[in-house]
Amino acid sequence: MKKLLFLLIFTIILLLILSYFWGVSPDKPNYEYAPDMARSEAFQTQTPNPFLPNGQTQQNPVKGTVPQNYQPLHFDLTEKDFIRAGRELLNPHKKPEDYLKRGEKIYRIYCQVCHGASGKGNGKVVQRGYPPPPSLLADRSKKLKDGQIFYVITYGFKNMPSYSSQIERDDRWSVIDFIRKLQESQP
Ligand code: HEC
């Protein structure tokens, strides 16, 4: 009987020692009995997925979704829509003089390379052979409505590329305020 008890205690101690060396590792989860779906399979965003529509993990946004603070525009690249833009897109800046500083900054960064420092259409890129734009100080440009210039910046215009991805809406209006100022200051 004594012998049996000794054997039992010895085995328990041996098991404890063994489990200390083998079982417990702080880097790994311990043995788990019946986890009851505590963990589910994590799918990566751009991987196939048998459970979701189209068999893909990342779902398309609902039709007609627009990003927050984004206002869609509905104009086509036609002469008719260019004129309509002049009627429908109105400059929201009540006091344009407040936006001149910002507008000038945008102009110097994005427009000056072609349109030149004073808007005459002789920027650096043009001196290297890019088709020259008409002077922004000419009568034709002066007569363009703010909305039409907004349209030109947003969609591009013949030889001029679109700047909609570089210049956000409010900055487009600011640069228009600045162009008006240029036109006033140089008759
Ligand atoms: C890569 C050169 C280039 C850049 C940069 C550029 N433009 Fe132009 N822009 C042109 C050209 C070229 C035209 C003439 C388009 C044509 O008739 O083929 C033009 C035309 C225009 C017109 C119409 C002028 C008119 O009388 O018909 C406006 C307004 C205008 N640009 C504004 C801007 C503004 C504002 C920026 C900056 C956000 C800008 N452009 C940046 C090349 C450029």
Side-chain angles (χ1 to χ4, degrees), residues 43-47 52-54 56-187:
F43 286 92
Q44 299 284 313
T45 315
Q46 282 158 357
T47 54
L52 292 175
N54 310 333
Q56 57 190 39
T57 303
Q58 180 168 289
Q59 294 293 296
N60 295 327
V62 175
K63 227 175 165 214
T65 305
V66 287
Q68 241 182 25
N69 300 328
Y70 173 81
Q71 294 166 289
L73 287 171
H74 303 284
F75 290 93
D76 288 326
L77 287 176
T78 58
E79 185 67 27
K80 214 174 114 219
D81 273 18
F82 176 57
I83 291 166
R84 181 164 70 86
R87 278 198 313 271
E88 293 182 7
L89 297 172
L90 303 176
N91 193 334
H93 293 166
K94 296 282 168 271
K95 278 189 176 167
E97 57 277 14
D98 291 350
Y99 298 90
L100 292 179
K101 216 169 147 221
R102 178 73 187 164
E104 171 159 17
K105 189 172 177 193
I106 301 291
Y107 184 88
R108 301 275 172 244
I109 294 171
Y110 294 107
C111 318
Q112 178 167 308
V113 283
C114 292
H115 286 274
S118 59
K120 291 196 180 116
N122 55 353
K124 273 274 175 288
V125 176
V126 172
Q127 290 165 26
R128 301 281 174 108
Y130 198 86
S135 168
L136 291 175
L137 311 176
D139 250 9
R140 190 195 125 78
S141 290
K142 282 185 183 167
K143 282 194 191 124
L144 288 176
K145 301 247 169 37
D146 281 3
Q148 287 179 302
I149 302 184
F150 189 92
Y151 177 100
V152 170
I153 304 171
T154 307
Y155 295 100
F157 188 71
K158 297 181 195 167
N159 281 324
M160 176 177 151
S162 155
Y163 277 82
S164 60
S165 58
Q166 291 95 324
I167 308 174
E168 59 168 81
R169 253 172 194 254
D170 197 59
D171 284 345
R172 287 176 226 163
W173 291 116
S174 300
V175 82
I176 292 166
D177 296 335
F178 176 71
I179 289 173
R180 294 299 183 214
K181 174 88 183 162
L182 272 184
Q183 292 172 337
E184 273 170 31
S185 60
Q186 303 190 33

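Counting starts at 1 for both ligands and their atoms, following the listed order. Along the sequence shown, residues are numbered consecutively beginning with 1.
Arg84 places no side-chain N or O within 3.5 Å of a backbone atom of Leu89 that could act as its donor or acceptor partner. Asn91 contributes a side-chain N or O that, together with a main-chain N or O of His93, makes up a donor-acceptor pair within less than 3.5 Å. Although no hydrogens or angles enter the test, the distance criterion places a donor-acceptor pair under 3.5 Å between the side chain of Thr65 and the main chain of Val62. Side chain of Gln127 to backbone of Asn122: a donor-acceptor contact under 3.5 angstrom is found. Here the side chain of Gln56 pairs no donor or acceptor atom with the backbone of Pro53 at under 3.5 angstrom.
Look at Ile106 and you'll find every heavy atom at least 4.0 Å from all atoms of ligand 1.
Close approach of ligand 1 to Ile167 (heavy-atom distance below 4.0 Å) involves ligand atoms 38 (C). Within ligand 1, the atoms closer than 4.0 Å to a non-hydrogen atom of Ile179 are 35 (C), numbered from 1 in the order shown. Taking every non-hydrogen atom of Ile153 and a distance limit under 4.0 Å, the qualifying atoms of ligand 1 come out as 35 (C). Close approach to Tyr130 involves these atoms of ligand 1, each under 4.0 Å from a residue heavy atom: 1 (C), 2 (C).
From the protein, the heavy atom lying nearest to atom 23 (C) of ligand 1 is Leu144 CD1, 4.1 Å. Ranking protein heavy atoms by distance to atom 39 (C) of ligand 1, first place goes to Met160 CE, 3.2 Å. The closest protein non-hydrogen atom to atom 22 (C) of ligand 1 is Val152 CG1, 3.9 Å. Nearest to atom 26 (O) of ligand 1 among the protein's heavy atoms is Ser141 OG, 2.7 Å. Looking from atom 14 (C) of ligand 1 to the surrounding protein, the closest heavy atom is Pro134 CD, 3.5 Å. The single protein non-hydrogen atom nearest to atom 4 (C) of ligand 1 is Cys114 SG, 3.3 Å, given as residue, atom name and distance. In this structure, the protein non-hydrogen atom closest to atom 27 (O) of ligand 1 is Arg140 NH2, 2.6 Å. Of the protein's non-hydrogen atoms, Cys111 SG, 3.4 Å is the one closest to atom 34 (C) of ligand 1.
Only the backbone of Pro131 comes within contact range of ligand 1, with a heavy atom under 4.0 Å; no side-chain atom does. For Val125, no heavy-atom contact with ligand 1 is shorter than 4.0 Å. Residue Tyr107 does not touch ligand 1, judged by heavy-atom distances below 4.0 Å. The residue Ile176 has no part lying near ligand 1, judged by heavy-atom distances below 4.0 Å.
Nearest-residue assignment for atom 13 (C) of ligand 1 (options Pro161, Pro133, Gly156; heavy-atom criterion): Pro133. When Tyr163, Phe150, Tyr151 are checked for heavy-atom proximity to atom 5 (C) of ligand 1, Tyr163 turns out nearest.
Residues Phe150 and Leu144 form no side-chain contact, since every pair of their non-hydrogen atoms from C-beta on lies 4.5 Å or further apart. A heavy-atom distance below 4.5 Å is not found between the side chains of Phe178 and Ile106.
Atom NZ in Lys145 sits 10.0 Å away from atom CZ in Phe82 (nearest 0.5 Å). Note: Thr57 OG1 to Gln44 CD = 8.5 Å, rounded to the nearest 0.5 Å.
The minimum heavy-atom distance linking Pro132 with Val126 is given by the pair CB-CG1, 3.6 Å.
For Asn159, a nitrogen or oxygen atom sits less than 3.5 Å from a nitrogen or oxygen atom of ligand 1, counting backbone and side chain alike.
At most 12 non-hydrogen atoms from other residues, nucleotides or ligands lie less than 6.0 angstrom from CD of Gln46.
Classification of Arg180 and Asp177 as a salt-bridged pair fails, no side-chain N sitting under 4.0 Å from a carboxylate O.
Here the N, O or S atom of His115 that is nearest to atom 8 (Fe) of ligand 1 is NE2.
A side-chain contact (heavy atoms from CB on, under 4.5 Å) with Arg169 holds for exactly one of Asn69, Leu73, Ile153, Thr154; it is Leu73.
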